Visitor: 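Before I ask anything, let me first share the structure, which is written out below as structure tokens.
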Amino acid sequence: MRSPFDIAPDLLAWDGDVPRARRLQQELAARVCLQDAFAPLRRVAGVDVGFEEDGAVTRAAAVLLDAATMQPLAEVVARLPTRMPYIPGLLSFRELPAVLQALAQLPEVPELILVDGHGVAHPRGLGIAAHLGVVTDLPTIGVAKKILVGNHDAVGLKRGDRTPLMHRGRMIGTVLRSKDGIQPLIVSPGHRLSHATAVERVLAYGRGYKLPEPTRLADRLASRRDRRT
DNA sequence: GCGACAG
DNA sequence: ATCTTGTCGC
């Protein structure tokens, strides 16, 4: 009874060897597909990670929503002991184990997953959303609040305004104003969809907040903001 | 060599 | 990410 979230350990294992991890990222980045290729969207999921016990425990949250109404259908949490520190560029090795465990607990496999973090807008083209997409072969979108790498021109101030995020002469993402006047989001495809579709989906899943509903709900669950406020 | 650096 | 109240502004 395997699910798409039972991943071969070697595809995301952390052994303390940074150069090795970077080489693995380059190999996996070559498998990323930026062509739109997914069945009708009925179920969408949002995932995010938070920490407890002063960082000793990694807490991943996954929320399953109806793609048409954005109504949450299930919310799950997975807690695992933290195994590695935060290293810029290697975030997925630190957070994916818990994320996969959370996703495996959902009652259904989503046709699309929005991840808090970058997709291909990464030094080696493999942010956490892209890493998750490649190892599960599911469509994913990266929704980040800060830039990891790349440059861009000024962005308009109205919701929907956008400008491409460039790196080494290539577009790696979109700086998108998801709400009037607030700091823009960095949206990049993770796997099996285009830059245009990634932006289109993020806007379509927005409910008046900065973050699209899937990620916003997962964020609250992961940070335990749902019970405190 | 000197910064920058998702969460 | 996380420690944290009130406060400025639409």
Side-chain angles (χ1 to χ4, degrees), chain A residues 12 14 18-19 21-22 25 28-29 32 46-62 77-103 113-134 140-152 157-159 165-168 172-191 195 198 202 208-212 214-229:
Chain A
L12 47 79
W14 170 249
V18 174
R22 291 207 235 266
Q25 290 184 315
L28 296 179
V32 169
V47 298
D48 187 32
V49 173
F51 295 88
E52 301 176 3
E53 306 304 318
D54 213 23
V57 174
T58 298
R59 175 195 175 95
V77 170
R79 301 168 77 256
L80 286 178
T82 303
R83 309 189 203 182
M84 81 175 270
Y86 165 65
I87 300 175
L90 298 182
L91 178 69
S92 59
F93 291 87
R94 171 174 158 91
E95 304 187 344
L96 277 189
V99 167
L100 289 166
Q101 189 163 306
L103 286 169
I113 304 172
L114 271 64
V115 186
D116 192 303
H118 292 292
V120 298
H122 176 280
R124 289 166 294 286
L126 197 83
I128 186 169
H131 198 159
L132 174 65
V134 169
T140 59
I141 295 176
V143 182
K145 307 173 198 65
K146 298 175 185 175
I147 291 175
L148 174 58
V149 67
N151 304 290
H152 66 86
L157 301 177
K158 300 195 316 177
R159 168 181 161 80
L165 177 64
M166 307 295 290
H167 182 54
R168 297 175 179 170
I172 59 173
T174 302
V175 180
L176 175 69
R177 191 80 65 179
S178 56
K179 185 179 179 188
D180 290 16
I182 64 173
Q183 283 302 106
L185 291 177
I186 314 305
V187 178
S188 62
H191 191 47
H195 282 284
V202 168
Y209 296 96
K210 174 173 179 171
L211 297 176
T215 296
R216 190 179 75 84
L217 296 181
D219 222 72
R220 301 185 51 156
L221 240 194
S223 302
R224 304 193 283 183
R225 217 166 273 280
D226 59 320
R227 215 200 70 113
R228 305 195 305 198
T229 302

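Note on naming: letters A, B, ... go to the chains in the order of the sequence lines (proteins, then strands), and numbering restarts at 1 for each one. None of the values given here were measured: they were computed from a predicted structure.
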Visitor: Which whole-number value in Å describes the distance from A:Arg225 CZ to C:dT4 P?
Guide: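 That distance rounds to 13 Å.
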
Visitor: Measure from CZ on A:Arg224 to C1' on C:dT4 and round the result to the nearest Å.
Guide: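 The distance from CZ of A:Arg224 to C1' of C:dT4 comes to 14 Å, rounded to the nearest Å.
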
Visitor: Return yes if some donor-acceptor pair links the side-chain N/O of A:Ser223 with the main-chain N/O of A:Gly50 below 3.5 Å, else return no.
Guide: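 Not at all, since once roles are kept as given, no pair shorter than 3.5 Å links the two residues.
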
Visitor: I want to check one thing: is the phosphate of C:dT2, taken as OP1 and OP2, less than 4.0 Å away from some side-chain N or O of A:Ser223?
Guide: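 So the side chain of A:Ser223 is within the cut-off, an N or O lying under 4.0 Å from OP1 or OP2 of C:dT2.
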
Visitor: Mind checking what makes side chain to side chain contact (heavy atoms under 4.5 Å, CB included) contact with A:Arg79, not counting sequence neighbours?
Guide: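 A:Arg79: side chain to side chain contact (heavy atoms under 4.5 Å, CB included) contacts with A:Glu52, A:Val57, A:Arg59, A:Val77.
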
Visitor: Counting a pair only when it is Watson-Crick or G-U and both distances are under 3.5 Å, which runs of at least 3 such pairs involve DNA chain C?
Guide: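 Stem segments: none to report.
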
Visitor: What pairs with A:Ala218 under side chain to side chain contact (heavy atoms under 4.5 Å, CB included), at least two apart in sequence or on another chain?
Guide: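 Scan of A:Ala218 (side chain to side chain contact (heavy atoms under 4.5 Å, CB included), adjacent residues dropped) gives A:Asp48, A:Val63.
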
Visitor: With sequence neighbours excluded, what pairs up with A:His122 under the side chain to side chain contact (heavy atoms under 4.5 Å, CB included) test?
Guide: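 By the side chain to side chain contact (heavy atoms under 4.5 Å, CB included) rule, A:His122 matches A:Gln25, A:Arg124, A:Leu148.
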
Visitor: Specify the closest pair of heavy atoms between A:His167 and A:Pro123, including all atoms of both residues, with the distance to one decimal.
Guide: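 Where A:His167 meets A:Pro123 most closely, the heavy atoms are NE2-O, 4.3 Å.
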
Visitor: Reading nucleotides 1-7 of chain B 5' to 3', which nucleotides get B (base under 4.0 Å from a protein heavy atom), which S (sugar-phosphate only), which -?
Guide: ----BBB

Visitor: Looking at residues at least two apart in the chain, or sitting in another chain, which of them share a side chain to side chain contact (heavy atoms under 4.5 Å, CB included) with A:His195?
Guide: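 So A:His195 forms a side chain to side chain contact (heavy atoms under 4.5 Å, CB included) with A:Leu34, A:Val120, A:Met171, A:Pro189.
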
Visitor: Between the main-chain N or O of A:Ile113 and the side-chain N or O of A:Thr140, is there a donor-acceptor pair closer than 3.5 Å?
Guide: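 Flag not set: sc A:Thr140 to bb A:Ile113 has no pair under 3.5 Å.
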
Visitor: Does A:Lys145 have any salt bridge (Lys or Arg N to Asp or Glu O under 4.0 Å) partners at least two apart in sequence or in another chain, and if so, which?
Guide: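 Salt bridge (Lys or Arg N to Asp or Glu O under 4.0 Å) list for A:Lys145, sorted by chain: A:Asp116.
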
Visitor: Tell me, what's DNA chain B's dot-bracket, Watson-Crick or G-U with both distances under 3.5 Å, | for other-strand, [ ] crossing?
Guide: .......

Visitor: Which donor-acceptor pairs under 3.5 Å do the side chains of residues 87-100 of chain A make with protein atoms, sequence neighbours left out?
Guide:
residue: A:Ser92; atom: OG; partner: A:His131; partner atom: ND1; Å: 2.7
residue: A:Arg94; atom: NH1; partner: A:Met84; partner atom: O; Å: 2.6

Visitor: Distance-only, no hydrogens or angles: does the A:Thr82 side chain make a donor-acceptor pair with backbone N or O of A:Gly55 under 3.5 Å?
Guide: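 A pair under 3.5 Å: yes.
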
Visitor: Looking at every heavy atom in both A:Gly117 and A:Ile128, which two are closest together, and how far apart are they?
Guide: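 Scanning both residues completely, I find the closest heavy atoms to be CA-CG2, 4.0 Å.
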
Visitor: State which residues pass side-chain hydrogen bond (donor to acceptor under 3.5 Å, both in side chains) with A:Glu53; sequence neighbours excluded, sorted by chain then number.
Guide: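 Once residues adjacent in sequence are excluded, A:Glu53 has no partner under the side-chain hydrogen bond (donor to acceptor under 3.5 Å, both in side chains) criterion.
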
Visitor: Can you name the residues that form a side-chain hydrogen bond (donor to acceptor under 3.5 Å, both in side chains) with A:Ser178, not counting sequence neighbours?
Guide: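 Checked A:Ser178 against side-chain hydrogen bond (donor to acceptor under 3.5 Å, both in side chains); zero matches.
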
Visitor: List the protein contact pattern of nucleotides 5-10 of chain C with one symbol per nucleotide (5' to 3'): B for base contact, S for sugar-phosphate-only contact, - for none; contact means a heavy-atom distance under 4.0 Å.
Guide: ------

Visitor: If I take atom CG in residue A:Asp54 and atom P in nucleotide C:dC3, what distance separates them, rounded to the nearest angstrom?
Guide: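 So the two atoms are 9 Å apart, to the nearest Å.
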
